[in-house]
Amino acid sequence: MLDETHLVSTNLSASDVPEAQPSQAPPSTITPQLQNVVATANLEIRIDLNIVARQARNADYKPKRFTAVVLRIREPKATALIFASGKMVITGARSELDARLAGRKFARIVAKCGYHPKFLDFKVQNIVGSADVGHCIRLEGVERHIRLEDVDKPVNQRRGAAYDPDIFPGLVLRWMDPRVVFLVFVSGRVVITGAKTREQLYEGFRKVLPYLKYYVIEGLAQPVRKKKKKKKQHSQD
DNA sequence: TCTCTATAAAAGACCA
DNA sequence: TGGTCTTTTATAGAGA
(Lines give C-alpha, C1' and ligand atoms only; values in the text may rest on other atoms or scores of the structure.)
Protein backbone atom coordinates (compact mmCIF):
# COMPACT_ATOMS: atom_id res chain seq x y z
CA MET A 1 0.00 0.00 0.00
CA LEU A 2 1.40 3.37 -0.98
CA ASP A 3 1.59 6.23 1.44
CA GLU A 4 -1.02 8.74 0.33
CA THR A 5 0.19 11.57 2.57
CA HIS A 6 2.36 12.94 -0.18
CA LEU A 7 1.76 16.33 -1.72
CA VAL A 8 0.70 15.25 -5.16
CA SER A 9 -3.04 15.51 -5.53
CA THR A 10 -5.12 14.27 -8.43
CA ASN A 11 -5.56 17.78 -9.88
CA LEU A 12 -2.03 19.06 -9.94
CA SER A 13 -0.79 21.61 -12.43
CA ALA A 14 2.83 22.05 -13.40
CA SER A 15 3.21 25.00 -11.06
CA ASP A 16 2.04 22.89 -8.13
CA VAL A 17 4.86 20.45 -8.59
CA PRO A 18 7.52 21.01 -5.98
CA GLU A 19 10.95 21.88 -7.17
CA ALA A 20 13.26 18.93 -7.19
CA GLN A 21 16.38 20.33 -8.70
CA PRO A 22 19.83 18.90 -8.07
CA SER A 23 21.09 22.28 -6.90
CA GLN A 24 18.68 22.15 -3.96
CA ALA A 25 19.52 18.64 -2.95
CA PRO A 26 22.32 17.73 -0.61
CA PRO A 27 25.24 16.19 -2.46
CA SER A 28 24.71 12.48 -2.91
CA THR A 29 27.11 9.99 -1.43
CA ILE A 30 25.56 7.23 -3.50
CA THR A 31 27.81 6.21 -6.37
CA PRO A 32 26.32 3.92 -9.01
CA GLN A 33 28.23 0.70 -9.53
CA LEU A 34 29.28 -0.19 -13.06
CA GLN A 35 27.73 -3.50 -14.03
CA ASN A 36 28.38 -3.90 -17.72
CA VAL A 37 30.54 -2.18 -20.31
CA VAL A 38 29.98 -2.75 -24.03
CA ALA A 39 32.77 -1.72 -26.36
CA THR A 40 33.86 -2.20 -29.94
CA ALA A 41 37.26 -2.58 -31.59
CA ASN A 42 38.68 -3.40 -34.98
CA LEU A 43 41.23 -6.16 -35.55
CA GLU A 44 41.69 -4.93 -39.15
CA ILE A 45 41.87 -8.40 -40.71
CA ARG A 46 39.41 -10.69 -42.45
CA ILE A 47 38.79 -13.77 -40.35
CA ASP A 48 37.59 -17.26 -41.24
CA LEU A 49 35.29 -17.77 -38.30
CA ASN A 50 35.31 -21.55 -38.76
CA ILE A 51 39.04 -21.54 -38.01
CA VAL A 52 38.59 -19.51 -34.81
CA ALA A 53 35.65 -21.70 -33.80
CA ARG A 54 37.80 -24.82 -34.23
CA GLN A 55 41.00 -23.56 -32.65
CA ALA A 56 39.87 -21.30 -29.79
CA ARG A 57 38.92 -23.09 -26.61
CA ASN A 58 35.95 -20.98 -25.57
CA ALA A 59 34.33 -20.43 -28.91
CA ASP A 60 30.69 -20.78 -29.84
CA TYR A 61 29.86 -20.47 -33.51
CA LYS A 62 26.42 -21.21 -34.92
CA PRO A 63 26.40 -19.37 -38.27
CA LYS A 64 22.77 -20.22 -38.94
CA ARG A 65 21.86 -18.52 -35.68
CA PHE A 66 24.24 -15.58 -35.62
CA THR A 67 27.03 -14.36 -37.89
CA ALA A 68 29.74 -13.97 -35.26
CA VAL A 69 31.91 -16.27 -33.16
CA VAL A 70 31.29 -15.86 -29.43
CA LEU A 71 34.44 -15.96 -27.30
CA ARG A 72 34.50 -15.88 -23.51
CA ILE A 73 37.29 -15.27 -21.02
CA ARG A 74 37.26 -15.36 -17.23
CA GLU A 75 39.84 -12.73 -16.34
CA PRO A 76 38.64 -10.12 -16.79
CA LYS A 77 35.25 -11.72 -17.21
CA ALA A 78 33.97 -10.75 -20.64
CA THR A 79 32.41 -12.04 -23.82
CA ALA A 80 33.28 -11.03 -27.37
CA LEU A 81 31.44 -11.28 -30.64
CA ILE A 82 34.03 -11.66 -33.40
CA PHE A 83 32.88 -10.92 -36.93
CA ALA A 84 34.45 -12.06 -40.21
CA SER A 85 35.20 -8.41 -40.99
CA GLY A 86 37.55 -8.28 -38.01
CA LYS A 87 35.17 -6.07 -36.05
CA MET A 88 34.64 -7.08 -32.44
CA VAL A 89 32.04 -6.33 -29.79
CA ILE A 90 33.13 -6.78 -26.16
CA THR A 91 30.42 -7.17 -23.51
CA GLY A 92 30.14 -8.04 -19.87
CA ALA A 93 33.21 -6.18 -18.59
CA ARG A 94 32.89 -4.39 -15.24
CA SER A 95 34.88 -1.31 -16.24
CA GLU A 96 36.23 0.52 -19.28
CA LEU A 97 39.72 -0.72 -18.45
CA ASP A 98 38.53 -4.31 -18.15
CA ALA A 99 36.77 -3.99 -21.50
CA ARG A 100 40.01 -2.79 -23.11
CA LEU A 101 42.07 -5.50 -21.42
CA ALA A 102 39.55 -8.13 -22.47
CA GLY A 103 39.58 -6.78 -26.02
CA ARG A 104 43.36 -7.19 -26.19
CA LYS A 105 43.05 -10.73 -24.81
CA PHE A 106 40.47 -11.59 -27.46
CA ALA A 107 42.85 -10.21 -30.11
CA ARG A 108 45.56 -12.49 -28.72
CA ILE A 109 43.21 -15.48 -28.97
CA VAL A 110 42.62 -14.63 -32.63
CA ALA A 111 46.39 -14.28 -33.09
CA LYS A 112 46.86 -17.80 -31.72
CA CYS A 113 44.61 -19.01 -34.53
CA GLY A 114 47.22 -17.90 -37.03
CA TYR A 115 46.22 -14.30 -37.69
CA HIS A 116 48.05 -11.02 -37.14
CA PRO A 117 45.30 -8.83 -35.70
CA LYS A 118 45.66 -5.17 -34.81
CA PHE A 119 43.69 -3.60 -32.00
CA LEU A 120 42.28 -0.34 -33.33
CA ASP A 121 39.37 2.02 -32.74
CA PHE A 122 38.56 0.77 -29.25
CA LYS A 123 35.41 2.59 -28.18
CA VAL A 124 33.10 2.24 -25.21
CA GLN A 125 29.56 2.15 -26.61
CA ASN A 126 27.41 1.63 -23.55
CA ILE A 127 27.83 1.54 -19.80
CA VAL A 128 25.24 0.02 -17.48
CA GLY A 129 25.25 0.85 -13.81
CA SER A 130 23.05 0.26 -10.81
CA ALA A 131 22.43 2.04 -7.54
CA ASP A 132 20.27 1.81 -4.45
CA VAL A 133 18.74 5.05 -3.14
CA GLY A 134 18.10 3.43 0.25
CA HIS A 135 14.32 3.67 0.45
CA CYS A 136 11.21 2.62 -1.46
CA ILE A 137 9.97 4.99 -4.18
CA ARG A 138 6.48 5.97 -5.28
CA LEU A 139 6.95 5.52 -8.99
CA GLU A 140 3.62 7.06 -10.02
CA GLY A 141 4.71 10.25 -8.27
CA VAL A 142 8.01 10.43 -10.11
CA GLU A 143 6.35 9.69 -13.44
CA ARG A 144 3.72 12.39 -12.90
CA HIS A 145 6.25 14.92 -11.69
CA ILE A 146 8.48 14.51 -14.74
CA ARG A 147 5.52 14.68 -17.12
CA LEU A 148 4.19 17.86 -15.51
CA GLU A 149 7.58 19.54 -15.52
CA ASP A 150 7.98 18.82 -19.22
CA VAL A 151 4.45 19.63 -20.33
CA ASP A 152 5.43 23.01 -21.83
CA LYS A 153 8.60 21.78 -23.50
CA PRO A 154 8.74 20.92 -27.20
CA VAL A 155 8.01 17.23 -27.70
CA ASN A 156 11.57 16.47 -28.75
CA GLN A 157 12.95 17.99 -25.53
CA ARG A 158 10.69 16.09 -23.16
CA ARG A 159 12.07 13.37 -20.96
CA GLY A 160 10.09 10.20 -21.37
CA ALA A 161 8.53 8.73 -18.26
CA ALA A 162 6.64 5.48 -18.65
CA TYR A 163 5.29 3.32 -15.87
CA ASP A 164 3.00 0.40 -16.62
CA PRO A 165 3.43 -2.23 -13.92
CA ASP A 166 1.25 -4.64 -15.91
CA ILE A 167 3.98 -4.76 -18.52
CA PHE A 168 7.15 -4.12 -16.53
CA PRO A 169 7.56 -3.39 -12.81
CA GLY A 170 10.00 -0.54 -13.34
CA LEU A 171 9.53 3.11 -14.29
CA VAL A 172 11.36 3.83 -17.53
CA LEU A 173 12.86 7.33 -17.50
CA ARG A 174 14.54 8.64 -20.63
CA TRP A 175 16.77 11.53 -19.67
CA MET A 176 17.85 14.07 -22.30
CA ASP A 177 20.99 15.58 -20.77
CA PRO A 178 22.95 13.43 -20.37
CA ARG A 179 21.28 10.97 -22.71
CA VAL A 180 20.77 7.98 -20.45
CA VAL A 181 17.85 5.76 -19.52
CA PHE A 182 16.86 4.83 -15.99
CA LEU A 183 14.86 1.86 -14.83
CA VAL A 184 13.55 2.80 -11.40
CA PHE A 185 11.97 0.22 -9.13
CA VAL A 186 9.69 0.53 -6.11
CA SER A 187 12.43 -1.15 -4.07
CA GLY A 188 14.61 1.95 -4.50
CA ARG A 189 16.99 0.23 -6.84
CA VAL A 190 17.89 1.91 -10.10
CA VAL A 191 19.46 0.71 -13.32
CA ILE A 192 21.16 3.31 -15.51
CA THR A 193 21.98 2.48 -19.11
CA GLY A 194 22.90 4.12 -22.38
CA ALA A 195 25.85 6.13 -21.02
CA LYS A 196 28.96 6.45 -23.17
CA THR A 197 31.14 7.44 -20.23
CA ARG A 198 30.99 6.86 -16.50
CA GLU A 199 30.82 10.63 -16.04
CA GLN A 200 27.56 10.66 -18.00
CA LEU A 201 26.25 7.82 -15.86
CA TYR A 202 27.19 9.59 -12.61
CA GLU A 203 25.84 12.93 -13.82
CA GLY A 204 22.55 11.40 -14.89
CA PHE A 205 22.12 9.69 -11.55
CA ARG A 206 22.99 12.89 -9.69
CA LYS A 207 20.28 14.73 -11.64
CA VAL A 208 17.54 12.13 -11.15
CA LEU A 209 18.25 11.42 -7.49
CA PRO A 210 16.34 14.41 -6.03
CA TYR A 211 13.17 13.18 -7.73
CA LEU A 212 13.63 9.71 -6.31
CA LYS A 213 14.42 11.08 -2.85
CA TYR A 214 11.31 13.28 -2.94
CA TYR A 215 8.95 10.39 -3.61
CA VAL A 216 10.14 8.24 -0.71
CA ILE A 217 7.53 5.84 0.62
CA GLU A 218 7.77 6.45 4.35
CA GLY A 219 7.59 3.41 6.57
CA LEU A 220 7.89 0.84 3.82
CA ALA A 221 10.99 -1.27 4.22
CA GLN A 222 13.04 -2.05 1.17
CA PRO A 223 12.68 -5.67 0.10
CA VAL A 224 15.68 -7.80 0.88
CA ARG A 225 17.82 -8.15 -2.20
CA LYS A 226 17.59 -11.64 -3.57
CA LYS A 227 20.80 -13.57 -3.83
CA LYS A 228 22.08 -13.55 -7.36
CA LYS A 229 21.47 -16.88 -9.00
CA LYS A 230 24.47 -18.48 -10.49
CA LYS A 231 24.20 -18.26 -14.23
CA LYS A 232 24.66 -21.28 -16.39
CA GLN A 233 28.35 -21.71 -17.09
CA HIS A 234 29.49 -21.57 -20.67
CA SER A 235 32.63 -23.20 -21.98
CA GLN A 236 35.70 -22.58 -19.85
CA ASP A 237 38.88 -20.72 -20.77
C1' DT B 1 13.39 -22.53 -11.82
C1' DC B 2 13.08 -20.77 -16.22
C1' DT B 3 11.27 -17.48 -19.58
C1' DC B 4 9.26 -13.39 -20.72
C1' DT B 5 8.41 -8.49 -20.02
C1' DA B 6 11.86 -3.56 -20.50
C1' DT B 7 16.62 -0.78 -21.31
C1' DA B 8 21.02 0.60 -23.88
C1' DA B 9 24.73 -0.36 -27.35
C1' DA B 10 27.64 -2.44 -31.14
C1' DA B 11 28.61 -5.81 -34.90
C1' DG B 12 26.71 -7.84 -40.01
C1' DA B 13 23.86 -11.46 -42.49
C1' DC B 14 19.36 -12.15 -43.94
C1' DC B 15 14.45 -11.53 -44.89
C1' DA B 16 10.15 -9.07 -46.03
C1' DT C 1 14.93 0.24 -45.57
C1' DG C 2 14.10 -1.54 -41.34
C1' DG C 3 13.48 -5.40 -38.28
C1' DT C 4 15.50 -9.72 -36.27
C1' DC C 5 19.10 -12.37 -34.61
C1' DT C 6 23.10 -12.57 -30.41
C1' DT C 7 25.68 -11.03 -26.27
C1' DT C 8 25.93 -8.66 -21.59
C1' DT C 9 24.15 -6.54 -17.10
C1' DA C 10 21.50 -4.61 -13.33
C1' DT C 11 16.45 -4.61 -11.85
C1' DA C 12 11.51 -7.23 -10.57
C1' DG C 13 7.04 -8.85 -11.58
C1' DA C 14 3.93 -12.71 -13.87
C1' DG C 15 3.17 -17.13 -15.50
C1' DA C 16 4.33 -21.86 -16.96
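Each chain gets a letter, A, B and so on, in the order its sequence line appears, and its residues count up from 1.
- The nearest whole Å value for the distance from the NZ atom in A:Lys64 to the C1' atom in C:dT4 is 18 Å.
- Judged by ring centres under 5.5 Å apart and planes tilted less than 30 degrees, A:Phe168 stacks against the six-membered base ring of B:dA6.
- A:Tyr163 has its OH atom 8 Å from the P atom of C:dG13, to the nearest Å.
- Spacing between atom CZ of A:Phe205 and atom P of B:dA8 amounts to 19 Å, rounded to whole angstrom units.
- The distance between atom CG of A:Leu173 and atom C1' of B:dA6, rounded to the nearest whole Å, is 13 Å.
- The NZ atom of A:Lys87 sits 18 Å away from the C1' atom of C:dT7 (whole-angstrom rounding).
- Straight-line distance from the CZ atom of A:Phe83 to the C1' atom of C:dT7: 9 Å, rounded to whole Å.
- Side-chain N/O atoms of A:Arg174 include one lying less than 4.0 angstrom from OP1 or OP2 on B:dT7.
- For A:Thr79 and C:dT7, the shortest distance from a side-chain N or O to OP1 or OP2 is not below 4.0 Å.
- Side-chain contact of A:Tyr202 with A:Arg206: a donor-acceptor pair under 3.5 Å is absent, judged by distance alone.
- Remark: C1' of B:dA8 and CG of A:Leu34 are 14 Å apart, rounded to the nearest angstrom.
- Side-chain N/O atoms of A:Tyr215 and A:His145 include a donor and acceptor closer than 3.5 Å.
- Remark: aromatic rings of A:Phe119 and A:Phe106 are distant, center separation not under 6.0 Å.
- Counting heavy atoms from C-beta on, the side chains of A:Pro117 and A:Met88 never come closer than 4.5 Å.
- If you check distances only, the side chain of A:Thr193 does reach the base of B:dA8 with a donor-acceptor pair under 3.5 Å.
- The CG atom of A:Leu183 sits 19 Å away from the P atom of B:dC4 (whole-angstrom rounding).
- Distances shown here put every side-chain N or O of A:Arg65 at or beyond 4.0 Å from the OP1 or OP2 atom of C:dC5.
- Of the side-chain N and O atoms in A:Ser85, one or more sit less than 4.0 angstrom from OP1 or OP2 of B:dG12.
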